[in-house]
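Since the structure is predicted, the reported quantities are computational estimates derived from the model, not experimental observations. Naming: A, B, ... by sequence-line order, numbering from 1 per chain.
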Amino acid sequence: MAAEAALVRVGRQQIEITRPEKVLFPEDGITKGELIEYYARIAPRILPHVCNRPLTLERYPNGIDSKRFFQKEVSSYFPEWIRRVTVKKVGGTVTHVVCNDTATLVYLANQACITPHIVLSKVDKLDQPDQMVLDLDPQGEDFELVRSTARAFKQLLDELELPAFLKTTGSRGLHIVVPLQRLETYDSVRDFARKLAAIIVSQAPKERTLEQLKAHRGTRVFIDTNRNGYAQLVAPAYAVRARKGAPVSVPIEWAELGKKGLRPNSVTIRSIFDWLEGVGDPWKDFWKSRASLVKARRKLMSPP
DNA sequence: GACTGGA
DNA sequence: TCCAGTCAACGCCCT
DNA sequence: AGGGCG
Ligand SMILES: [Mn+2]
Ligand SMILES: [Mn+2]
């Protein structure tokens, strides 16, 4: 018999788990209970990437084939021990969830939050991002163009002596993430991302594009530089995606780009823990590598 | 998913 | 007590 | 102001 509800203790908190047998991924039979177990177990890996940031919840209370919604404002019924941060928006303010512990991860998963989205800045310096993201979005399933575009970015970032870390999105593309020292505003970081992307597009304009309109992109990889704007959302490393198989965004080595078997969505909540045993932590040095864009910008202005 | 108001 | 209904984002680009 | 997009 399917257990209806249960009280679990996570650290200091008691959390009511409701309907753990509810299927959220119908093609795979993956339940809310499995989602909760995943986030509890991955906590040591994901918490560094979500902690101290305003979160936006992408929730699917009736599964991934039913209606989803994004949630920024903390619900009135969320327990008092859930941390929050109030940030500015155009018409006023919004109070977001902040997730700094396993208990909050478990609570959010029980809310059928499949993907907790982050922003690129942290609560103590909301206007200055601590990372820049190059978001590579293929239009179809042409992952080969994503690979070559990622390689081109890696070469350019190496030339500019900027650190760059690679992850799958769990969906169809890749993210290249550059950790930053928080010296610049969102607008400034986004302008820089646009300059880099313009160079990458110019190297292969038939394969890469900055076109906003899908109808104008053709089969080209869209380089989504607007991820670097204020209050823009990004799926963090180790987040689950609301797609068949419950795929996970995972950090990978640059060398993986050359391997034929690489797919953006092949690691799932059912395979990740076995998979992790065969890899180290490709992002081990991520937080030690935070860079400034000042010198890189100078190099861009005056090429060799 | 959780809450609310009316059978 | 049991539904049925209701609510849960937003910033940027382009026209 | 409103549609497309992520
Ligand atoms: Mn993407
Ligand atoms: Mn995108």
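Note: CG (A/Asp187) to C1' (C/dC13) measures 14 Å, nearest angstrom. A straight line from OH of A/Tyr230 to C1' of C/dC10 spans 11 Å, rounded to a whole angstrom. C/dC14 atom P lies 10 Å from atom CG of A/Leu210, rounded to whole Å.
Using a 30° and 60° split on the angle between ring planes, A/Phe273 and A/Tyr38 fall in the tilted class, from 30° to 60°.
Think of the region where chain A sits on DNA chain B: with heavy atoms and a 4.0 Å cut, that region ends 5' and 3' at B/dG1 to B/dC3.
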For nucleotides 1-8 of chain C, give me every protein contact, N/O to N/O, under 3.5 Å, one pair per line with atom names.
none

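Nearest heavy-atom pair, A/Gln232 versus A/Val119, reported as atom, atom and distance to 0.1 Å: O-CG1, 3.6 Å. The two residues A/Ile46 and A/Ala237 come nearest to each other via the heavy atoms CG1-O, 3.4 Å. Heavy-atom minimum distance, A/Ala150 versus A/Leu257: CB-CD1, 3.7 Å. In terms of heavy atoms, A/Val98 sits closest to A/Asn100 at CG1-OD1, 3.4 Å.
Every pair passing side chain to side chain donor-acceptor pair (under 3.5 Å) that includes a residue from residues 173-184 of chain A is listed here, sequence neighbours excluded: A/Asp124-A/Arg182, A/Asp135-A/His175, A/Lys167-A/His175, A/Glu184-A/Ser188, A/Glu184-A/Arg297.
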**OP:** Decide yes or no on salt bridge (charged side-chain N to carboxylate O under 4.0 Å, His left out) for A/Glu161 and A/Lys299, but give the supporting numbers first.
**Re:** CA-CA 10 Å; A/Glu161 297 181 88; A/Lys299 289 177 195 167; 2.4 Å; yes
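Among the heavy atoms of the strands, none lies under 4.0 Å from A/Arg241. Contacts of A/Asn62 with the nucleic acid, taken as non-hydrogen atoms under 4.0 Å apart, are absent. When heavy atoms are screened at a 4.0 angstrom cut-off, A/Thr18 is found touching the sugar-phosphate backbone but no base atom. Here A/Leu233 lies in heavy-atom contact (under 4.0 Å) with a base.
Qualifying ring pair (Phe, Tyr, Trp, His ring centres under 6.0 Å) partners for A/Tyr186, counting only residues two or more places apart in sequence or in other chains: A/Tyr230. With sequence neighbours left out, the ring pair (Phe, Tyr, Trp, His ring centres under 6.0 Å) criterion links A/Phe69 to no other residue.
Nucleotides C/dA9 and D/dG4 place their P atoms 23 Å apart, quoted to the nearest Å. Separating the P atom of C/dA8 from that of B/dT4 is a span of 15 Å, rounded to the nearest Å.
With salt bridges taken as basic N to acidic carboxylate O contacts below 4.0 Å, none links A/Lys88 and A/Asp127.
The side-chain heavy atoms of A/Glu207 and A/Asp142, taken from C-beta on, include no pair separated by under 4.5 Å.
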Original post:
Could you write nucleotides 1-6 of chain D as a row of B, S and -, 5' to 3', where a protein heavy atom under 4.0 Å of any base atom gives B, of only sugar-phosphate atoms gives S, and otherwise -?
Top reply: ---SSS
